[in-house]
*Asks:* 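This is the structure I want to talk about, given as structure tokens.
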2 protein chains.
Amino acid sequence: MDAENYCIAGRLRMLSRIMTSLYNGAFNGEEVTLPQAGLLMYIFAKPGIRQVELAQLLYIEKSGMNRELQLLQRNGWLTDNLKQGLFLTEEGRVKAKRCHKIWKALNLTMREQLGPEAVSGLDALSGQVFAFIAPAETQQTTTE
Amino acid sequence: MDAENYCIAGRLRMLSRIMTSLYNGAFNGEEVTLPQAGLLMYIFAKPGIRQVELAQLLYIEKSGMNRELQLLQRNGWLTDNLKQGLFLTEEGRVKAKRCHKIWKALNLTMREQLGPEAVSGLDALSGQVFAFIAPAETQQTTTE
DNA sequence: CAATAAAAGTTGCATATACAACTTTGTCGA
DNA sequence: TCGACAAAGTTGTATATGCAACTTTTATTG
């Protein structure tokens, strides 16, 4: 049947849209989006990290990463100089903590809702995709 | 370990970026992107389908769908009136067929590369996500 | 049929990305 | 130290989306 042959990329895009929408909803009160919250939490965990490293970790093109960071900066969450490593402002650290609280609860709930089979399915898929695009590199262990 | 608690939405976004990039590369020669090719193939299979139906099927907001369709129209692949159902031009049908050929081969290759475990993992995840967001509706069987 | 309400389609505005090209910074060897 | 090359960062331009608001169509119903 055709249902067995759905588009892998298309399906991932669809699931990405759906889940992004759910997570974004949870961050509404904080006036941040999921991608923004993710970056805040990441920089909180690794202050001083460089743009290029963050971009590689998340498989985002460096120019897109740069623009995301400029956005965080405009919101007052990142310090001035983006070239010398990324650092949160005090406001940014507060925001990151609040986001982490929301994220942690939601992500746990989501794992429970989806169930272990779906989650391990995502694990298996992730592993294979990472192995496919970077056969030699070490395993992916990012937070986002 | 923290690796066990990665963000579900973030991971899906990452995989979506990665796979989109791979598929887009395959469509380079046709001067279309994966999302565009997907719409062309879908309309090819269901001529006359309405914007709103396509949007619901793919979980894309209707305004975004409208703009994607206008883009296809500008490229000469869709007929004039988007309000009376969507129809490909002759050029559009040719393009859709060429895209389908490319897509079919790539998608099959990708399924083989990722392996049955990863693919059934994606199936399991998809099923749970669809069940979560639309508990009562029938099963998802889209092509994208 | 006319008035409205509901559904579909569009547009304004904003974010999230990608690719290419350009600029700045950093490194290394002569 | 200087110049060349590499790496990182930035900007131009375009697509893919989302939300809200507005317009046009379509349906309902008195």
Side-chain angles (χ1 to χ4, degrees), chain A residues 9-10 12-28 30-40 42 48-75 77-86 144, chain B residues 9-10 12-28 30-40 42 48-75 77-86 144:
Chain A
L12 278 168
R13 292 176 64 81
M14 191 189 303
L15 295 176
S16 166
R17 286 191 293 271
I18 293 169
M19 295 301 286
T20 297
S21 168
L22 289 172
Y23 279 61
N24 276 340
F27 287 118
N28 260 347
E30 293 296 332
E31 303 268 331
V32 292
T33 61
L34 166 65
Q36 290 166 22
L39 291 179
L40 287 178
Y42 218 95
I49 192 173
R50 300 248 229 90
Q51 295 186 39
V52 67
E53 190 181 349
L54 213 41
Q56 286 164 358
L57 222 37
L58 302 178
Y59 292 92
I60 289 175
E61 218 275 329
K62 63 181 178 172
S63 63
M65 177 59 69
N66 183 259
R67 285 192 162 92
E68 284 288 301
L69 293 170
Q70 289 182 33
L71 186 59
L72 297 184
Q73 206 178 35
R74 282 202 297 283
N75 284 328
W77 299 324
L78 273 185
T79 55
D80 278 357
N81 194 344
L82 299 184
K83 289 188 181 178
Q84 305 301 314
L86 305 171
E144 196 201 0
Chain B
L12 278 168
R13 291 177 63 81
M14 191 189 303
L15 295 176
S16 166
R17 286 190 293 271
I18 293 169
M19 295 301 286
T20 296
S21 168
L22 290 172
Y23 278 62
N24 275 341
F27 286 118
N28 260 347
E30 293 295 333
E31 303 268 331
V32 292
T33 61
L34 166 64
Q36 290 166 21
L39 291 178
L40 287 177
Y42 217 93
I49 191 174
R50 299 247 229 90
Q51 295 187 38
V52 67
E53 190 181 349
L54 213 40
Q56 285 164 0
L57 221 37
L58 301 178
Y59 291 91
I60 289 175
E61 219 275 327
K62 62 181 178 172
S63 62
M65 177 58 68
N66 183 258
R67 286 194 162 91
E68 284 288 300
L69 294 170
Q70 290 181 34
L71 186 58
L72 297 184
Q73 205 177 37
R74 282 202 296 283
N75 284 328
W77 299 324
L78 272 185
T79 54
D80 278 356
N81 194 344
L82 298 183
K83 289 187 180 179
Q84 305 301 315
L86 306 171
E144 197 202 357

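Chain letters run A, B, ... following the sequence lines, proteins first, then strands; residues in each count from 1. Just so you know, these numbers come straight off a predicted model, no measurement behind them.
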*Asks:* To the nearest Å, give me how far apart CG (B:Leu39) and P (D:dT15) are.
*Replies:* 14 Å
*Asks:* Distances for protein N/O vs nucleotides 18-21 of chain C N/O pairs under 3.5 angstrom?
*Replies:*
{"from": "C:dA18", "atom 1": "OP2", "to": "A:Glu61", "atom 2": "N", "distance (Å)": "2.5"}
{"from": "C:dA18", "atom 1": "N6", "to": "A:Arg67", "atom 2": "NH1", "distance (Å)": "3.4"}
{"from": "C:dC19", "atom 1": "N4", "to": "A:Ser63", "atom 2": "OG", "distance (Å)": "2.4"}

*Asks:* Of the candidate nucleotides D:dG9, D:dT15, C:dA16, which contains the atom at the shortest distance from the side chain of A:Arg50?
*Replies:* D:dG9
*Asks:* Of all the heavy-atom pairs spanning B:Trp77 and B:Glu31, show the shortest one and how long it is.
*Replies:* CH2-O, 4.1 Å
*Asks:* Looking only at the side chain of B:Leu71 (C-beta and beyond, no hydrogens), which of the listed nucleotides C:dT24, D:dT15, C:dT15 gets closest?
*Replies:* D:dT15
*Asks:* What is the distance, rounded to the nearest whole Å, between atom CD of B:Gln36 and atom C1' of D:dA14?
*Replies:* 10 Å
*Asks:* Partners of B:Asn24 by side-chain hydrogen bond (donor to acceptor under 3.5 Å, both in side chains), sequence neighbours excluded?
*Replies:* none
*Asks:* Using the salt bridge (charged side-chain N to carboxylate O under 4.0 Å, His left out) criterion, which residues pair with A:Glu53? Sequence neighbours excluded.
*Replies:* A:Lys46
*Asks:* Can you name the residues that form a side chain to side chain contact (heavy atoms under 4.5 Å, CB included) with A:Ser21, not counting sequence neighbours?
*Replies:* none
*Asks:* Which pairs, with at least one residue in residues 54-73 of chain A and sequence neighbours excluded, count as a salt bridge (Lys or Arg N to Asp or Glu O under 4.0 Å)?
*Replies:* none
*Asks:* For B:Gln70 and for A:Lys83, locate the closest nucleotide of DNA chain C by heavy-atom distance; then report the residue assigned to the nucleotide nearer the 5' terminus.
*Replies:* B:Gln70
*Asks:* Tell me every residue that passes side-chain hydrogen bond (donor to acceptor under 3.5 Å, both in side chains) with A:Glu30, counting only those two or more places apart in sequence or in another chain.
*Replies:* A:Lys95, A:Arg98
*Asks:* Between C:dA16 atom C1' and A:Glu68 atom CD, what is the distance in whole Å?
*Replies:* 6 Å
*Asks:* Nearest-Å distance, CG (A:Leu22) to C1' (D:dG18)?
*Replies:* 14 Å
*Asks:* Within this structure, what is the CZ-to-P distance between A:Arg13 and C:dT17, rounded to whole angstrom?
*Replies:* 11 Å
*Asks:* Run the side chain to side chain contact (heavy atoms under 4.5 Å, CB included) check on B:Arg74 and B:Leu71 step by step: do they pass?
*Replies:* CA-CA 5 Å; B:Arg74 282 202 296 283; B:Leu71 186 58; 3.1 Å; yes
*Asks:* Measure from the side chain of A:Pro35, starting at C-beta and using heavy atoms only, and say which of D:dT10, C:dT17, C:dG9 lies closest.
*Replies:* C:dT17
*Asks:* With sugar-phosphate meaning primed atoms plus P, OP1 and OP2, does B:Gln84 contact a base, only sugar-phosphate, or nothing at under 4.0 Å between heavy atoms?
*Replies:* sugar-phosphate
*Asks:* Measure from the side chain of A:Val52, starting at C-beta and using heavy atoms only, and say which of C:dG9, D:dG9, C:dA16 lies closest.
*Replies:* D:dG9
*Asks:* Could you state the CG-P distance from A:Leu12 to D:dT17, rounded to the nearest angstrom?
*Replies:* 13 Å
*Asks:* OP1 or OP2 of D:dT17 versus the side-chain N and O atoms of A:Thr20: is any pair under 4.0 Å?
*Replies:* no
*Asks:* Taking atom P of C:dT17 as reference, at what distance in whole Å does atom CG of A:Asn66 sit?
*Replies:* 14 Å
*Asks:* What is the distance, to the nearest angstrom, from the CD atom on B:Gln51 to the C1' atom on D:dT25?
*Replies:* 13 Å
